[in-house]
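Working notes for the structure below.
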Amino acid sequence: MKSLFCSLLVAVTLSSCSKAGEAVNVQTLDQDFINAWNSRDSGKITGMMADDVAFVQGNAHWKGKDEVGQKWVSATIATISNLKTSVSSSGTDANTAYEAGTFSVDVQPAGPGQPAGFGEGNYIFLWKKATDNTWKLSYAQLEDLPVQRRN
């Protein structure tokens with residue numbers, strides 16, 4: 001299976017506007033990302049990412065909207081669904097916001113006759129305010145456990 005959530009959540013940025021100097025609601029940013037992922041809207045997900053977004057998962061280290069969009073979003077969006085997060089820590093200021101915690105996903109069968117799976121792990125999404133006052137996913141890190149077989 002492709003790296004789980006490479007596999008997600010994720011992350012990626014949302015285009016939410018705020019007034020100069022105003023802190024953003026990071027839960028809203030992440031929920032918009034999750035909704036886009038669960039809707040399999042790769043265009044919206046990619047639109048949420050900063051041009052210089054970084055994605056880290058195990059040995060995978062990708063940089064830039066094109067590479068992250070191809071190797072994470074496009075490569076895995078069809079293989080996982082029902083993304084859910086549980087927040088452990090979050091914070092915001094006028095120009096940055098982060099959320100970290102655990103995630104879970106349903107993993108599609110690798111092929112006909114193969115079992116479905118369940119994946120979970122830890123995540124962190126870092127959002128930064130762009131010069132046009134939109135918020136973009138700047139950094140996403142996912143560390144997942146081995147996929148468990150669904151019975």
Side-chain angles (χ1 to χ4, degrees), residues 1-18 22-110 115-130 134-150:
M1 177 190 100
K2 304 225 186 231
S3 216
L4 181 60
F5 193 27
C6 185
S7 314
L8 190 51
L9 125 103
V10 267
V12 284
T13 237
L14 165 92
S15 298
S16 173
C17 296
S18 71
E22 180 182 306
V24 70
N25 182 326
V26 69
Q27 292 82 16
T28 300
L29 293 173
D30 284 349
Q31 190 58 55
D32 286 345
F33 172 79
I34 292 166
N35 290 340
W37 190 277
N38 287 337
S39 298
R40 296 191 166 147
D41 189 344
S42 59
K44 183 171 182 178
I45 293 168
T46 303
M48 296 173 147
M49 293 189 286
D51 290 339
D52 63 348
V53 64
F55 176 84
V56 176
Q57 183 177 30
N59 291 327
H61 298 174
W62 301 318
K63 186 140 175 92
K65 186 186 285 193
D66 289 341
E67 184 176 33
V68 174
Q70 291 171 3
K71 293 183 177 178
W72 178 40
V73 180
S74 295
T76 62
I77 198 164
T79 64
I80 59 176
S81 61
N82 197 26
L83 170 62
K84 296 177 184 173
T85 60
S86 178
V87 179
S88 297
S89 179
S90 66
T92 61
D93 65 25
N95 296 304
T96 58
Y98 82 93
E99 192 169 82
T102 60
F103 71 88
S104 66
V105 293
D106 292 332
V107 180
Q108 303 303 311
F118 175 81
E120 58 188 354
N122 300 317
Y123 77 96
I124 182 169
F125 290 141
L126 176 66
W127 302 82
K128 290 189 179 179
K129 187 190 283 188
T134 60
W135 287 83
K136 299 292 182 178
L137 187 64
S138 178
Y139 178 82
Q141 183 168 349
L142 307 172
E143 297 303 330
D144 45 358
L145 299 170
V147 174
Q148 300 172 10
R149 181 182 185 148
R150 281 241 190 252

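What you see below is based on every heavy atom in this structure, not just the backbone, and it leaves out hydrogens, waters and symmetry mates.
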**Report entry** Gap between atom OG of S39 and atom CG of L83 - 0.5 Å precision
**Finding:** 11.0 Å
Query raised in the report: Side chains of T96 and W127: closer than 4.5 Å at any heavy-atom pair?
Result: no
**Report entry** Contact summary for A50 and S138, nearest pair of heavy atoms
**Finding:** CB-CA, 4.4 Å
**Report entry** Pair K44 + D32, salt bridge at N-O below 4.0 Å
**Finding:** no
Requested in this report: Search all heavy atoms of N38 against all heavy atoms of S81 and return the closest pair with its distance.
Outcome: OD1-C, 4.0 Å
Query - Note, V53 side chain near F55 side chain (heavy atom, < 4.5 Å) - result: no
Query - Nearest-0.5 Å distance, CG of residue L29 to CG of residue L126 - result: 11.0 Å
Query raised in the report: With side chains defined as the heavy atoms from C-beta onward, is the minimum distance between T85 and Y123 less than 4.5 Å?
Result: yes
Requested in this report: Answer whether the closest heavy-atom distance between the side chains of I124 and Y139 falls below 4.5 Å.
Outcome: yes
Query raised in the report: Do the side chains of E120 and T102 get nearer than 4.5 Å, heavy atoms only?
Result: no
Report summary line: Note: G69 and T46 closest approach over all heavy atoms is CA-OG1, 4.5 Å
Report task. Quick one: pull up OG1 in T76 and CH2 in W37 and give me the separation to the nearest 0.5 Å. Result -> 3.5 Å
Report task. Taking the side chain as every heavy atom from C-beta outward, state whether I45 and I77 have any pair of such atoms under 4.5 Å apart. Result -> yes
Query raised in the report: Looking only at heavy atoms, which two atoms of R40 and I80 are closest? And how far apart?
Result: NH2-O, 3.5 Å
Query - Donor-acceptor side-chain pairing of Q70 and D66 below 3.5 angstrom - result: no
Query raised in the report: Given side chains that start at C-beta, do those of K63 and D52 come closer than 4.5 Å, heavy atoms only?
Result: yes
Requested in this report: Quick one: pull up OH in Y98 and CG in D93 and give me the separation to the nearest 0.5 Å.
Outcome: 11.0 Å
Query raised in the report: Counting distance only, does the side-chain N/O of N82 pair as donor-acceptor with the main-chain N or O of V105 below 3.5 Å?
Result: no
Query raised in the report: Can you find a pair of side-chain heavy atoms, one from D106 and one from R150, that are under 4.5 Å apart?
Result: yes
Requested in this report: To the nearest 0.5 Å, tell me how far Q57 CD sits from Q141 CD.
Outcome: 9.0 Å
Query raised in the report: Looking only at heavy atoms, which two atoms of S90 and Q27 are closest? And how far apart?
Result: OG-NE2, 3.4 Å
**Report entry** Pairwise distance OG1(T79) to CD(Q108) - rounded to 0.5 angstrom
**Finding:** 7.5 Å
